[in-house]
Amino acid sequence: MRISDADPSRRDHRLERLIERLPAAMRSAMRWMWQPSARWVRIPAGVLLCLGGVFGILPVLGFWMLPAGLIVLAEDVPPIRRATSRILDWIERRRPHWLA
């Protein structure tokens, strides 16, 4: 069992603030997706979002999908979690209103 599964308070507070800014329907979906038992949904969703972000030049897909996919994958892949934490550090310093 990973630490983040056993103790939800160990999750990044900045991600919690970003989730709070989502519309109510998306907020509840994200909270469900962050449950430890939803790992089987998180990994494929993260991979699909990243693939969609790579093809962001196409009309239906967008470049926003790549960072969203990385954030979803970061819950289960430690190297991505560290990179996401560094990016959130940068956002917290440069764009604090995004996390307000």
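Just the heavy atoms: all of them, side chains too, but no hydrogens, waters or symmetry mates, feed the values below.
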Can you give me the closest heavy-atom contact between E92 and H13, atom names plus distance? OE2-NE2, 3.8 Å
Between I71 and W34, the two heavy atoms sitting closest are O-CZ2, 3.9 Å
Where do R31 and E16 land on the side-chain contact (heavy atoms from CB on, under 4.5 Å) test, with the steps shown first? CA-CA 9 Å; R31 293 216 185 281; E16 290 294 328; 2.9 Å; yes
For residues I87 and I19: do they belong to one hydrophobic cluster (side chain heavy atoms under 4.5 Å, members Ile, Leu, Val, Met, Phe, Trp, Tyr)? yes
Are R17 and W98 close enough, and set up right, to give a side-chain contact (heavy atoms from CB on, under 4.5 Å), and what steps lead you there? CA-CA 9 Å; R17 284 191 268 169; W98 289 5; over 6 Å; no
Give me the atom names and distance for the closest heavy-atom approach of V72 to M33. CG1-SD, 4.0 Å
To the nearest 0.5 angstrom, please state how far the OG1 atom of T84 sits from the CG atom of D89. 11.0 Å
Tell me, yes or no, whether the heavy-atom count around I57 atom CD1, taken from other residues, nucleotides or ligands under 6.0 Å, exceeds 12. no
Test R81 against E75 for salt bridge (Lys or Arg N to Asp or Glu O under 4.0 Å), laying out the working first. CA-CA 6 Å; R81 185 178 309 135; E75 182 69 18; 5.5 Å; no
Kindly check if the number of other-residue, nucleotide or ligand heavy atoms within 6.0 Å of CZ (R93) is above 12? yes
Determine the minimum heavy-atom distance between A38 and W32, stating which atoms define it. CB-O, 3.6 Å
Are F63 and V47 connected in a single hydrophobic cluster, I mean Ile/Leu/Val/Met/Phe/Trp/Tyr linked by side-chain heavy atoms less than 4.5 Å apart? no
Correct closest heavy-atom pair for R14 and S85 would be NH2-OG, 3.3 Å
With a 4.5 Å cut-off on side-chain heavy-atom distances among I, L, V, M, F, W and Y, is there a chain of contacts connecting L15 to L70? no
ILVMFWY network linking L49 to W40, side-chain heavy atoms under 4.5 angstrom: yes
Is L51 linked to I80 within one hydrophobic cluster, defined over Ile, Leu, Val, Met, Phe, Trp and Tyr using a side-chain heavy-atom separation of less than 4.5 Å? yes
Can you see which heavy atom on L73 is nearest to which on I43, and at what distance? CD2-O, 3.7 Å
